[in-house]
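First up is the structure itself, then whatever we jot down about it.
Below, all heavy atoms of this structure are taken into account, side chains as well, without hydrogens, waters or symmetry copies. For ligands, and for the atoms within them, numbers begin at 1 and follow the listed sequence.
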Amino acid sequence: MAQDVNMAKVKTTFFCQNCGSQYAKWQGQCTSCKEWNTITEEVIQKPEKSDWKTPTTASKRVSKPLLINEIDTSKEARLDMRDGEFNRVLGGGMVHGSLTLLGGEPGIGKSTLLLQIALNLEYKTLYVSGEESQKQIKMRAERIQPNSNNCYILTETKTQNIFKQIEALEPDIVVIDSIQTLHSDYIESSAGSISQVKECTSELIKFAKETATPVLLIGHITKDGNIAGPKILEHMVDTVLQFEGDRNHVFRILRANKNRFGSTNELGIYEMQGSGLREVSNPSEILISEKDGELSGNAVAATLEGLRPLMIEVQALVSTAVYGTPQRSATGFNAKRLNMLLAVLEKRAGFRLGAKDVFLNITGGITVDDPAIDLAVVAAILSSNEDVALQSDFCFAAEVGLSGEIRPVQRVEQRILEAEKLGFSTIFVSKYNKIALKNTVIKIQLISKIEDLVGFLV
Ligand code: TYD
Ligand code: MG
């Protein structure tokens, strides 16, 4: 009887559709992410605690504390995904019972990547799609080729039904395309809403942890680049991978934004071809193929965006001022900082830039705050001023001080590794940076003042 009363009562909660924060009543602005008009009401109803099986067979396993030395890690051996780039980003393969979220813009190739991996695995794999029919997936699989006898395709969106099929099939790996299409019986609101996404994910987490089966989830991304809706989702899963790239170009980059089982510094590079994604094991081919000749005024900076390393191209144009007052303009870079760097070049390194127009542009429409870009800016200006091109496989990562000294930057090793990964031959960094890296292929050129750089321009 008591249960009937509960059933009759419709429970609703308010969720911010941007960040997933939960509120008891409606409000215009989300207190947590400060977005306006993002809070909507969702019906949530949980008759009983949800379980990936039936509520009656709920886990009876009780965890006991164990001495850390007694914890057996031999079972943690990772599953080989048979894809070098994917394994690398995961930190050496997939961990049993882990939940991995793959995010990316629509059409970037998330389904292609995971289907391709599923088709290539030697483990029994269940690919659950809520977006495409079995026929459509088969058509795609035929283009990708390597067909295995171990890959099962299921088109289903209800989690309870998916778990029923999983119980019957007992797969080694489960792929869900996508989390936004799933819905659970325990929640009333529509698929893709915050409460559904949260509930389906927590059911999947329970399933993964209790059966030690790894689960790969595809998640959509909003226009500002976050995994659609719930930031919470990122907290719940073990690993968050991001698949990115320009849809008009063929190259795709796979990064780990979060990884409980490995480093987030690794990145994987793929090339989209007619027959699926090809691993790019030698990334320098990207840079070399896109460059036609070396131009003066261009320099590449090894910057960090948050914790993510990013190679950015800086372009400078220095020309004799036509009007009385020289013009200085910068896109994507602080104009005051540009003036400061010009003053340093004039005063400390003796370049006569006082009567010159200087234009600076960061390509790709990006704005950079990272002071490590300074040296690339200086190099680009000098290169344009002297009209000599820098070698296109040089890159720079250092701050420039007021007395013309080259100052160290944080996480220089991460920048060096990124530059090496992307195929640069030489990176210029401050002599005062402490670098413990050994056996790097990239040449680390240590400099302490601007004059040291001048020698490399000609
Ligand atoms: P898809 O994996 O469907 O993207 P997502 O799941 O991230 O939305 O990829 C779609 C794009 O990939 C589509 O525009 C066509 C392209 N593609 C190829 O170029 N070659 C291929 O072999 C495949 C399967 C897709
Ligand atoms: Mg897709």
Side-chain angles (χ1 to χ4, degrees), residues 81-86 89-90 99-121 125-148 151-159 162 173-183 191-192 196-197 200-201 204 215-230 233-234 237 239-257 267-281 285-286 289-290:
M81 303 304 280
R82 298 182 65 176
D83 178 317
E85 301 291 299
F86 202 73
V89 176
L90 285 175
L99 219 76
T100 304
L101 177 68
L102 174 69
E105 284 176 29
I108 205 76
K110 301 180 294 297
S111 308
T112 307
L113 178 65
L114 293 193
L115 183 64
Q116 174 176 334
I117 288 173
L119 290 174
N120 203 14
L121 284 175
T125 313
L126 178 65
Y127 186 98
V128 183
S129 178
E131 308 216 325
E132 284 145 46
S133 70
Q134 276 156 320
K135 277 209 190 95
Q136 283 172 315
I137 296 171
K138 171 79 183 174
M139 275 158 63
R140 190 194 290 243
E142 275 168 356
R143 289 214 282 158
I144 299 173
Q145 289 283 307
N147 257 323
S148 79
C151 182
Y152 294 80
I153 308 289
L154 172 69
T155 43
E156 177 61 68
T157 53
K158 199 156 111 178
T159 53
I162 293 173
I173 294 183
V174 177
V175 179
I176 307 276
D177 185 3
S178 64
I179 185 70
Q180 276 88 2
T181 58
L182 293 193
H183 67 98
Q196 275 294 3
V197 168
C200 296
T201 310
L204 285 165
V215 178
L216 275 158
L217 291 176
I218 290 180
H220 292 176
I221 229 168
T222 56
K223 56 180 182 301
D224 50 348
N226 290 319
I227 309 259
L233 203 59
E234 299 188 11
V237 300
T239 305
V240 180
L241 304 180
Q242 179 113 0
F243 205 37
E244 55 192 36
D246 188 336
R247 248 190 298 165
N248 302 321
H249 290 87
V250 290
F251 294 105
R252 304 281 184 270
I253 292 183
L254 183 72
R255 297 174 188 275
N257 285 354
L267 84 167
I269 303 178
Y270 292 92
E271 183 181 351
M272 179 64 95
Q273 293 182 333
S275 55
L277 290 154
R278 184 182 70 90
E279 295 172 37
V280 180
S281 32
E285 57 193 80
I286 299 180
S289 64
E290 285 191 359

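Inter-residue side-chain proximity for F243 and L277 is flagged as met; some heavy-atom pair is nearer than 4.5 Å. With contacts defined as side-chain heavy-atom distances shorter than 4.5 Å, the pair T201/L99 qualifies. The shortest distance between side-chain heavy atoms of C200 and I179 falls below 4.5 Å.
Rounding to the nearest 0.5 Å gives a distance of 12.0 Å between CD of E234 and OG1 of T239. Between E132 atom CD and I153 atom CD1 the span is 10.0 Å, to the nearest 0.5 Å. Note that OG1 of T155 and CD of Q134 are 4.0 Å apart. Values are rounded to the nearest 0.5 Å. In this structure, CG in L216 is found 5.0 Å from CZ in F86, a value given to the nearest 0.5 Å.
For the side-chain contact (heavy atoms from CB on, under 4.5 Å) criterion with L241, the lone passing option out of L101, L113, L217, T100 is T100.
Remark: atom 11 (C) of ligand 1 lies closer than 4.0 Å to at least one protein heavy atom. Distance check on atom 24 (C) of ligand 1: some protein heavy atom falls below the 4.0 Å cut-off.
For the pair G109 and ligand 1, the shortest N or O to N or O distance falls below 3.5 Å. In terms of N/O distances under 3.5 Å, ligand 1 is not approached by L113.
Regarding atom 13 (C) of ligand 1, its nearest protein heavy-atom neighbour is G107 O, 4.6 Å. In terms of protein heavy atoms, atom 9 (O) of ligand 1 is closest to T112 OG1, 3.4 Å. Protein heavy atom nearest atom 16 (C) of ligand 1, with residue, atom name and distance: M272 CE, 3.8 Å. Atom 15 (C) of ligand 1 has its closest protein heavy atom at R143 NH2, 4.6 Å. Here the protein heavy atom with the shortest distance to atom 22 (O) of ligand 1 is G276 N, 2.7 Å. The protein heavy-atom contact nearest to atom 20 (N) of ligand 1 is Q273 O, 2.7 Å.
Using a distance-only test at 3.5 Å, with no hydrogens or angles considered, a donor-acceptor pair links the side chain of E156 to the main chain of K158. In this structure a side-chain-to-backbone donor-acceptor pair under 3.5 Å is missing from E131 to D177. Between the side chain of Q273 and the main chain of R278, no donor-acceptor pair closer than 3.5 Å is present. The backbone N or O of L254 sits nowhere less than 3.5 Å from a side-chain atom of E85 that would complete a donor-acceptor pair.
Using 4.0 Å as the threshold, P106 has a heavy atom nearer than that to some atom of ligand 1.
Both the backbone and the side chain of S111 come within contact range of ligand 1, each with a heavy atom under 4.0 Å. Only side-chain heavy atoms of R140 come within less than 4.0 Å of ligand 1; its backbone N, CA, C and O stay farther off.
Residues satisfying the side chain to side chain donor-acceptor pair (under 3.5 Å) criterion with T181, sequence neighbours excluded, are absent altogether.
Here is the list of ligand 1 atoms found below 4.0 Å of a heavy atom in S275: 22 (O).
Listed by chain and number, the protein atoms of type N/O/S under 2.8 Å from the Mg ion (ligand 2) are S111 OG; waters are omitted.
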